[in-house]
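Below is one structure, written out as structure tokens, with a few remarks after it.
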Amino acid sequence: MRHMLNPLDFSVEEIGQLLDLATDIMHNREKYAHVCDGKKIATLFYEPSTRTRLSFETAMLNLGGSVIGFASADSSSASKGESVSDTIRVISCFADIAAIRHPKEGAAIVAASKSSIPVINAGDGGHQHPTQTLTDLMTIRTLKGRLDHMTVGLCGDLLFGRTVHSLINALSRYEGIRFVLISPPELRVPDYVREMLDKKNIPYKEVMSLDEAMPELDILYMTRVQRERFFNEEDYVRMKGFYILDREKMKKAKPDMYVLHPLPRVNEISVDVDDDPRAAYFRQVQFGVYVRMALIMTLLGVKKPC
Ligand code: NCD
């Protein structure tokens, strides 16, 4: 039995196969409409979500399966003090696969260790968010035609943004990737990410100016300042308006530089960027459904139909 807890749980080759499957699903939706008939996914969300939870649920419904779960800790027995370990044992009796989001780092790993069904990490605190990364990889590969030889800028809350940590992890395995890490000093990537980049000799620079970085980027990954992970509101208020991508800044970018964002957006991308053909963040949401369909099939061992 396999889980998806970290993007590195799958080799580069396996990720390639998963993205191939997701691409086939994208082009042949009807072929996959019943491959998971009779299967259930449980979505265990202890933290708010719009896209990720509904994307998992849509993915399973598109495959012919069904969905159970809860959308907040308040509406689960967590509010009575039940542990994640006990909850997953119970859920293992009801569902065939589970996607879990939790505010504590490592919660999905704990769940997987007690689970008798595959567990997908749908975000654990400020740590990792592997299925957002699969979504990001599919978006980049579909729009740019490759995942290697690129300068990738990540901008905003690089400290608490789990999507950033997972994406850096995943992209660092492809040849010719260079990172430009754009943040205020207080929101730089955590040390373990920097150490990993140093150890693997991956070129990167840490800068503050988005304007200066724009011309060299092939991908710009914008992120929101993660208010819920700040220790005090004052720091959040100081940081939240630090970067705002607008039409003026887009003029400095390459004509084929795509803007990604895991969403939700707060104010870091002005709405006047939305109709720029390089704004890819809503297309990214659609790719997320296909990639989650491919992941559910893969973890359940469902074969690709002929
Ligand atoms: C991200 C998350 O939850 O980490 N959202 C998502 O899953 N698409 C990013 C965020 O909340 O800022």
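Heavy-atom basis, side chains included; hydrogens, waters and symmetry copies ignored. Just so you know, ligand 1 is whichever comes first in the structure, and atom 1 is the first atom listed for that ligand. All figures in this text were calculated on a predicted structure; none of them were measured in a lab.
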Do [X] and [Y] have side-chain atoms, one donor and one acceptor, less than 3.5 Å apart?
X    : Y    : value
Y32  : D24  : yes
R224 : H261 : no
Q128 : S166 : yes

Indicate the atoms forming the closest heavy-atom contact of P184 with G156, along with that distance.
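Looking at all heavy atoms of both residues, the closest pair is CD-O, 4.0 Å.
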With a 4.0 angstrom cut-off on heavy atoms, strictly below it, pick out the residues next to ligand 1 and order them by chain and number.
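Protein residues near ligand 1 are R51, T52, R101, H129, Q132, R162, T163, R224, Q226, P262, L263, P264.
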How would you list all residue pairs meeting side chain to side chain donor-acceptor pair (under 3.5 Å) that involve residues 143-153, not counting sequence neighbours?
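Passing the test, one end in residues 143-153: T151-R178.
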Out of curiosity, F287 CZ to T135 OG1, how far, rounded to the nearest 0.5 Å?
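Those atoms lie 10.5 Å apart.
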